[in-house]
Chemist: 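Quick one: the structure is below, and I'll ask about it shortly.
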Amino acid sequence: QSGKNQGQMKQIVVNGSETQVVVDDSNLLQKKISAIRLGGPAKLQVIADFDATLTKYRIDGCRGQSSHNVLQQEDPEFNDKRQKLYEYYHPLEFDPTIPLDEKTKLMEEWWGKTHALLIEGGVTYNGIQNSVAKATIAFRDGVTELLELLEEKGVPVLIFSAGLADIIEEVLKQKVHRSFKNVRVVSNRMVFDENGHLRSFKGKTIHVLNKNEHALDMAAPLHDHFDDVNGLSEEKSALKKRTNVLLLGDHIGDLGMSDGLDYETRISVGFLNDRVEDSLESYRKAFDILYLNDSSVHGVLKLATHLC
Ligand code: TMP
């Protein structure tokens with residue numbers, strides 16, 4: 001066993017709040033930390049899931065909203081229709097008996113129908129701002145400090161989500177009150193016409209089952225130089241040279257977010273938010289560091305400070 005820490009759960013206090021953390025193999029983690037420190041901030045990038053990873057799973061005892069759930073269309077009929085689709089497809093998303101190819105088709109179907117309802121029922125930028133202002137959504141404590149540290153050190157952050165890019169960016173704007181030049185949101189991005197009405201979505205649809213492939217190939221810049229193909233490819237190749245990764249996710253499938261990258265060292269940090277007893281074994285093996293019970297990211301902030 002060579003002194004391997006057998007994945008004990010530790011109760012630690014970070015920044016005044018109690019957190020439960022599990023490290024399955026502390027020797028391996030130490031080796032990874034040393035390797036990333038050696039490469040320094042110039043070789044590091046952060047890839048993070050959004051919903052229930054950067055945001056809280058529960059807010060005042062209620063389930064926090066996802067970027068899809070936040071968006072309220074003016075005509076309630078369309079919100080109801082999207083909710084009905086959610087009730088039908090969400091259980092299928094987590095049904096272990098459906099083969100992957102079949103499930104992929106179902107997820108494409110779900111995202112296709114939802115995007116069509118958003119276009120048909122109407123979405124405006126104003127509507128997005130109002131929806132976010134009313135939303136039950138909050139970043140985990142320490143997210144702002146983490147993004148600030150990474151910006152200061154020049155470490156890029158890719159927020160990768162099968163949700164809606166425009167909502168995620170508005171949540172960043174309203175809840176963090178500033179933008180970060182090192183943050184890119186890779187998610188489904190809306191195209192508005194000259195009157196500010198949603199007309200279509202840009203590029204390939206990102207759903208839960210293809211979010212795990214070619215993260216970087218799907219990356220569009222935060223602002224609208226989407227057609228600036230050279231700028232975009234330069235940015236992507238710069239990211240591909242950053243071969244050390246700090247990855248944050250709340251599903252084991254989130255580990256695939258770094259698949260498009262030929263990384264040297266990756267430290268994965270997981271957040272296990274729900275049904276802890278059912279998933280603890282698989283999560284503790286999958287992630288280098290695992291936080292339980294809707295923890296803050298102060299532990300990640302401490303780690304990032306150490307890495308850069
Ligand atoms: P992600 O945030 O982990 O990338 O996944 C997106 C989540 O969005 C996924 O669990 C399903 C959910 N979703 C909705 O809540 N409403 C919808 O209309 C769609 C298409 C997805």
Side-chain angles (χ1 to χ4, degrees), residues 1 4-14 17-33 36 46-59 63-64 66 90-98 100 103 107 139-143 146 157-163 207-213 215 244-259 261 263 265-304 306-307:
Q1 302 289 317
K4 181 179 157 183
N5 176 340
Q6 287 300 295
Q8 294 152 330
M9 192 180 302
K10 281 190 195 155
Q11 198 88 16
I12 56 167
V13 177
V14 192
S17 62
E18 242 185 37
T19 293
Q20 283 178 309
V21 61
V22 185
V23 173
D24 191 59
D25 187 340
S26 56
N27 289 341
L28 178 63
L29 177 61
Q30 280 315 318
K31 277 188 196 141
K32 288 185 176 188
I33 290 174
I36 293 185
V46 174
I47 303 180
D49 170 59
F50 182 74
D51 293 311
T53 294
L54 292 182
T55 61
K56 289 180 179 172
Y57 187 75
R58 284 198 183 79
I59 298 163
R63 179 77 176 84
S66 70
H90 190 59
L92 304 180
E93 180 187 349
F94 289 100
D95 186 338
T97 67
I98 304 175
L100 192 64
K103 204 187 270 191
M107 294 302 108
F139 284 107
R140 288 179 192 269
D141 292 340
V143 165
L146 179 63
V157 179
L158 210 65
I159 298 179
F160 199 22
S161 168
H207 55 73
V208 269
L209 293 179
N210 72 359
K211 149 178 180 179
N212 302 335
E213 296 161 17
N244 290 331
V245 179
L246 177 62
L247 181 145
L248 315 178
D250 73 314
H251 283 290
I252 290 179
D254 287 335
L255 291 167
M257 293 190 296
S258 52
D259 278 359
L261 195 73
Y263 61 80
T265 305
R266 180 185 74 181
I267 295 178
S268 56
V269 179
F271 294 89
L272 177 52
N273 298 308
D274 201 23
R275 296 168 66 173
V276 171
E277 297 90 70
D278 296 348
S279 305
L280 186 58
E281 268 319 292
S282 54
Y283 270 66
R284 84 185 329 159
K285 289 201 162 59
F287 290 98
D288 295 306
I289 306 170
L290 179 63
Y291 289 99
L292 306 180
N293 303 333
D294 225 0
S295 152
S296 75
V297 297
H298 285 124
V300 182
L301 178 62
K302 219 171 148 189
L303 172 68
H306 196 59
L307 294 178

Chemist: Could you grab the distance from atom NE2 of His251 to atom CZ of Phe271, nearest 0.5 Å is fine?
Modeler: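 If we round to the nearest 0.5 Å, His251:NE2 and Phe271:CZ are 13.5 Å apart.
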Chemist: Once you round to the nearest 0.5 Å, how far does CG of Leu290 lie from CG of Asp24?
Modeler: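 Answer rounded to 0.5 Å: 9.5 Å.
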Chemist: In chain order, what residues pass the ring pair (Phe, Tyr, Trp, His ring centres under 6.0 Å) check against Tyr57, with sequence neighbours excluded?
Modeler: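 For Tyr57, no residue satisfies ring pair (Phe, Tyr, Trp, His ring centres under 6.0 Å) once neighbours in sequence are set aside.
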Chemist: For the pair Thr53 (side chain) and Phe50 (backbone), establish whether a donor and an acceptor sit closer than 3.5 Å, ignoring hydrogens and angles.
Modeler: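 No, the answer is negative, given that no donor and acceptor are paired below the 3.5 Å cut-off.
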Chemist: Say you draw a straight line from CG of Leu247 to CG of Leu261; how long is it, rounded to the nearest 0.5 Å?
Modeler: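 So the gap between those two atoms works out to 10.0 Å.
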Chemist: Decide side chain to side chain contact (heavy atoms under 4.5 Å, CB included) for Val297 and Val269; before the verdict, give the C-alpha distance in whole Å, the side-chain angles of both, and the deciding distance to 0.1 Å.
Modeler: CA-CA 10 Å; Val297 297; Val269 179; over 6 Å; no
Chemist: Can Asp51 and Ser161 be said to form a side chain to side chain contact (heavy atoms under 4.5 Å, CB included), step by step?
Modeler: CA-CA 8 Å; Asp51 293 311; Ser161 168; 4.1 Å; yes
Chemist: Carefully, step by step, assess Leu92 and Lys103 under the rule side chain to side chain contact (heavy atoms under 4.5 Å, CB included).
Modeler: CA-CA 7 Å; Leu92 304 180; Lys103 204 187 270 191; 5.7 Å; no
Chemist: Please round to the nearest 0.5 Å and tell me the distance separating atom CD of Glu277 and atom CG of Asp274.
Modeler: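 One gets 10.0 Å once the value is rounded to the nearest 0.5 Å.
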Chemist: Are any of the side-chain nitrogens in Asp288 or Arg266 under 4.0 Å away from the carboxylate oxygens of its partner?
Modeler: no
Chemist: In Å, rounded to the nearest 0.5 Å, how long is the span from CD1 of Ile289 to CG of Leu303?
Modeler: 5.0 Å
Chemist: Residues two or more places apart in sequence or in another chain: which of them pass side chain to side chain contact (heavy atoms under 4.5 Å, CB included) with Thr265?
Modeler: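 Thr265 satisfies side chain to side chain contact (heavy atoms under 4.5 Å, CB included) with Lys32, Ala35, Ile36, Asn244 once adjacent residues are dropped.
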Chemist: Could you tell me if Arg140 sits above the aromatic ring of Tyr291, with its cationic atom closer than 6.0 Å to the ring centre and no more than 45 degrees from the axis?
Modeler: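 Geometry flag: not set, cation outside 6.0 Å or 45°.
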Chemist: Using the side chain to side chain contact (heavy atoms under 4.5 Å, CB included) definition, which of the options Val300, Ile33, Leu248 pairs with Ile267?
Modeler: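 Passing option: Ile33.
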Chemist: Between Ser282 (side chain) and Ser279 (backbone), is there a donor-acceptor pair under 3.5 Å?
Modeler: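 Yes; at least one donor-acceptor contact below 3.5 Å.
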Chemist: So, Lys211 and Asp49, do they make that salt bridge, N to O below 4.0 Å?
Modeler: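 Here Lys211 pairs with Asp49 in a salt bridge, since their nearest N and O are under 4.0 Å apart.
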Chemist: Please identify each residue that fulfils side chain to side chain contact (heavy atoms under 4.5 Å, CB included) with Glu93, with sequence neighbours left out.
Modeler: His90, Met107, Trp110, Val208
Chemist: Taking all atoms of both residues into account, what is the closest heavy-atom pair of Ser268 and Leu255, and its distance?
Modeler: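 Closest pair (atom of Ser268, atom of Leu255, distance): CB-CD2, 3.5 Å.
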Chemist: Would you find a donor on one side and an acceptor on the other, under 3.5 Å apart, between the side chain of Asp95 and the backbone of Thr97?
Modeler: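 Present.
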Chemist: Mark yes or no for whether Asn273, through its side chain, and Asp250, through its backbone, hold a donor-acceptor pair below 3.5 Å.
Modeler: no
Chemist: Can you tell me how far apart NE2 (His298) and CG (Leu301) are? Round to the nearest 0.5 Å.
Modeler: 6.5 Å
